[in-house]
Amino acid sequence: MTLPDLGWTPYFEAFFAPYGKEGYIPARVAIQYRDKYVLYGEGGELQGQVTGRFEFQAKGLDDFPAVGDWVAIQPPVGGGTAVIHAVIERRTKFARKIAGVKTVPQVVAANADVVFLVSGLDDEINIRRIERYLTVAYESGAKPVIVLNKTDLCPDLGPIVAEVTAIAPGVDILPMSARTKVGVEEVAAHLSRGVTGALLGSSGVGKTTIANDLVGEERYRTQEVRETDSRGRHTTSHRELVILPNGGLLIDTPGMREIQLWGDAQSLQASFEDIAMLALDCKFRDCRHDAEPGCNVKAAIEDGRLAPDRYDAYKKLEKEIAYLARRKDQNLQRQETAKWKKITSEIKKTYKNREKP
Ligand code: GDP
């Protein structure tokens, strides 16, 4: 196994160089168990651990190695545990917020090159959700690819592909069936040797089945099995960073599966800027766009400037955010509100200035 086989590129080479001069070697994190790691390197698989000094110097959870990270290690003497000295600058990352005393971000997948945004064609396709996943993908730095799974259950694909193309110009859209295996090769083709992929999508869309198809064996348990399986989601052979038969790499971590779509008002603003702008002309500043008099959002629906389903999606999302916020600690809730207020006032400022001659 060479380093490029594991995803090593000139980017990592450049950030690793100072560590190389000090005698460290690079390795990639394949699994994380609390403070212990399984690493892949040129010499094969290794156990790794961070030093006390590393822990002391870490400012937050996101400073610790995550699955997919490249780390600088001290080669173990006589087959022992490798000591992890540093995390090499990440090229991309997916993080989730962990609610506790303080809400802190934790990286759940690092250095994925491609992220497959999976939807299931057994349900009505949710364009708004795809838009939101695209935002998450772009924030991560990974290249998004839209996967429309379960084509075996969808008699008329054309209009759906057209609808998705309209909101994702320039993004590859891959219809496939993980069950009949039609289209699996097109998905696998995005993960050529040394390229790392990750799957993102709601529960039940077929991520596990797709992962099994890509790996070429029943490595992961699908939901049907999982429901009756008290031992948890994964089989014992599970690795969170897997090398695929065609040389690509796939990251599948429990944290990645739990990524909450919303919780970030900025993403809401990005997707619903049209509504935020209409709201500028509501009579009341704190208009909820329900039954308030002088509501410009409601007026826009009446006169056709705003599609009713877009308004419904906005309201639904607002509820989702409120729900997430309740689950998070109050500190974060305050931050979210402040951020939302700031965004709204910035939009106001921008548009007020634009109106001036
Ligand atoms: P996950 O929650 O995203 O990991 O979804 P799973 O892979 O566990 O799949 C959820 C359910 O959808 C299971 O019952 C799968 O057998 C089923 N499924 C997955 N892919 C397909 C597909 O292409 N066609 C059909 N008909 N069912 C599928």
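Counting starts at 1 for both ligands and their atoms, following the listed order.
Counted within 6.0 Å of CD on Glu302, heavy atoms from surrounding residues, nucleotides or ligands total 12 or fewer; the atom is thus considered open. Under a cut-off of 6.0 angstrom, the local environment of CD in Gln57 is crowded, with over 12 non-hydrogen atoms contributed by other residues, nucleotides or ligands. Around atom CZ of Arg288, no more than 12 heavy atoms belonging to other residues, nucleotides or ligands sit under 6.0 Å away.
Near Ser203, meaning under 4.0 Å from any of its heavy atoms, are these atoms of ligand 1: 2 (O). Near Ala178, meaning under 4.0 Å from one of its heavy atoms, ligand 1 places the atoms 20 (N), 22 (C), 23 (O).
Counting heavy atoms closer than 4.0 Å to ligand 1, residue Leu153 contributes side-chain atoms (C-beta onward) but none from N, CA, C or O. When heavy-atom distances to ligand 1 are checked against a 4.0 Å cut-off, Thr209 comes that close through both its backbone and its side chain. With a 4.0 Å heavy-atom cut-off, ligand 1 is reached by the side chain of Asn149 but not by its N, CA, C or O.
For ligand 1, the polar-atom distance check finds an N/O of Gly204 within less than 3.5 Å of one of the ligand's N/O atoms. Checking only distances, Thr151 never comes within under 3.5 Å of ligand 1, N or O to N or O.
Asp122 and Lys150 are joined by a salt bridge, as a carboxylate oxygen and a charged side-chain nitrogen come within less than 4.0 angstrom of each other.
Under 3.5 Å, the side chains of Thr209 and Asn212 contain no donor-acceptor pair of N or O atoms.
The side-chain hydrogen bond (donor to acceptor under 3.5 Å, both in side chains) search around Asp113 returns Arg91, not counting sequence neighbours.
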